[in-house]
Amino acid sequence: MSRRPIARSADLLRLQNEGYDLEIRSGYLLVSNVPYVTSQAAVRYDGSLISTLEMSDDVTTAPSDHRAFWTGEHPCHSDGRKITSIENPSAAQSFGNGVQADFTFSAKAQYRDYHHKITTYLGRITGEATKIDPEATALTFPAIVADGDGEVFKYVDTATSRAGIGAVNEKVAGLKIGIIGLGGTGSYVLDLVVKTPVAEIHTFDGDVYSQHNAFRSPGAPGHEELATKPKKVHHFKAIYEKMRHGIIAHDVYLDETNLHLLDGLDFVFVCVDRGPVKEKLVERLVANGLSFVEVGMGVMLVEGKLCGIVRTTTSTAETRTQAAPHISYADGDGGANEYASNIQIAELNALNAAIAVVQWKKLFDFYQDTREQYYTGFGIAAGGIVYEGSK
Amino acid sequence: MAQPEERPAPEPKTVTIIVNGRRKSVPKNDDLTFAEVVALAFENPPTGDGVQFTIQYTRGHGNKPAGSLVEGQSVKPKEGMEFDVTPTNRS
């Protein structure tokens, strides 16, 4: 079964986006899980409406066949009388591949497109069911399994098709992305990047996913899972591979010995605390001519309330020099001085990650970018985003 | 009885700025350097390897009311100007 005609045909896509359980099988269009009324005046929820499908190069043309077919008992009015206005005397027939027409319907009209045709038939059939069960609906929003090889998602990205921004989304398709560090911010970066059609997401972290991590990363693990002391890269891969392919977990801390793992990537998110390590890997990214985003926050307790900065630095071939002094090489312990703090809060991690992902998408023309920001800093107390840009 | 001669109030030579949520008084007409802002934020600023601060400000002068400072840069203070000063290495 191919979903290609659905993606390419405005009328089918509209039906899918509205939530109908749509399928193309044996060249027929099937709408499943349709509620209808039986001759006992009871509601069943498992009818299938079937239509022939006329296409040109995988795009629908106007339907010339006004008939439709049905799998199930013959649909009735809410009082159990057969809906005779659509009744057709044809015998039951099989169209192959499990497509079974128990009944044929005939409601003559000039159908503009398949959306018009399907919703006209369903209006008559399910409309009777809603008189008995007001909650009955054919809009079941089924999960749509992706078809074919080379798909990164295991089910279709209907958020993008519903929004009609497929062409924009395509701009990040096929990229190989690195996320260095799966701490609070890196894990939220991953949560956002997995939902884009990039080809590969390489995660780097040698750390164990511990109890405190659960309070500043997406999702909510049970204590049984924490007890197994999973590595961060494996914990997150297990979550996100339910949705997509192409997550490559590197259970390592990056250092001089393994920086070659960064070679071949198209873009990198630098989400590590340790300054000396960061220097080495930034050198490598610059040598590779890569654009990257580096994140970091500093949060302090002042007079019983938290304040500080959530910062994102964006370094590209054009903004290298201006970006460089904004990259934090402060060390993890801050020199073990009295001001050292490791305060991180999930919403600040998530905000830092969201800004980082927006910056990445700007570089790939997903978002408009009028300022070429290399510094983006959210000041918690004042609540504003301060930026420095080269435009 | 002769009234004392009225004099205009002397123009204040300082402005109050806010650094990490705390009010600080600084000379009005001198530019604030990166190091001076760090010193205002921390009584004993740490030094040495592994120390680096991020500074950003808002409510500054009209030509550039918001921005950042890196080492070597300075900015003219303004009454009510707000500074955030912190290492930003946590992720």
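Chain A is the first sequence line, chain B the second, and so forth, proteins listed ahead of strands; every chain is numbered from 1.
For chain B, the nearby part of A:V299 is the backbone; its heavy atoms alone come within less than 4.5 Å. Within the 4.5 angstrom heavy-atom criterion, only backbone atoms of A:V272 (N, CA, C, O) approach chain B. Of the atoms belonging to B:Q56, heavy atoms from both backbone and side chain fall under 4.5 Å from chain A. At a 4.5 Å heavy-atom cutoff, the contact between B:R22 and chain A is made by side-chain atoms alone. Residue A:F378 touches chain B through its backbone alone, counting heavy-atom pairs closer than 4.5 Å. Both the backbone and the side chain of A:Y329 come within contact range of chain B, each with at least one heavy atom under 4.5 Å from a heavy atom of that chain. Using a 4.5 Å cut-off between heavy atoms, A:L348 does not touch chain B at all.
Annotation for A:R284: atom CZ counts as buried by contact number, over 12 foreign heavy atoms lying within 6.0 Å. Atom CD of A:E347 has more than 12 neighbouring heavy atoms from other residues, nucleotides or ligands inside a 6.0 Å radius. Dense packing is recorded around OH of A:Y240, with more than 12 heavy atoms of other residues, nucleotides or ligands lying under 6.0 Å away. In A:K280, the NZ atom is not crowded: 12 or fewer heavy atoms of neighbouring residues, nucleotides or ligands sit closer than 6.0 Å. Enclosure of atom NZ in B:K76 by more than 12 non-hydrogen atoms of other residues, nucleotides or ligands within 6.0 angstrom is indicated.
In terms of non-hydrogen atom pairs under 4.5 Å with chain B, the most contact-rich of A:G184, A:G183, A:C271 is A:C271. Ranked by heavy-atom pairs under 4.5 Å with chain B, the list A:R216, A:Q344, A:K305 is led by A:Q344. Counting heavy-atom pairs closer than 4.5 Å to chain B, the top residue among A:I309, A:N349, A:V310 is A:I309. In terms of non-hydrogen atom pairs under 4.5 Å with chain A, the most contact-rich of B:I18, B:N20, B:T58 is B:N20. Among B:E82, B:Q52, B:E71, the residue with the largest count of heavy-atom pairs under 4.5 Å with chain A is B:Q52.
Nearest heavy-atom pair, A:N342 versus B:R90, reported as atom, atom and distance to 0.1 Å: OD1-CD, 3.1 Å. Closest of all the heavy-atom pairs between B:S91 and A:V295 is CB-CG2, 4.1 Å.
Taking OH of A:Y374 as the reference point, atom OG of B:S68 lies at 6.5 Å (rounded to 0.5 Å).
Remark: side-chain polar atoms of B:N89 are not paired, donor with acceptor, to backbone N or O of A:G296 under 3.5 angstrom.
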Exercise. Given B:T54 and A:H326, is the side chain to side chain contact (heavy atoms under 4.5 Å, CB included) satisfied, shown in steps?
Worked result: CA-CA 7 Å; B:T54 297; A:H326 292 283; 5.8 Å; no
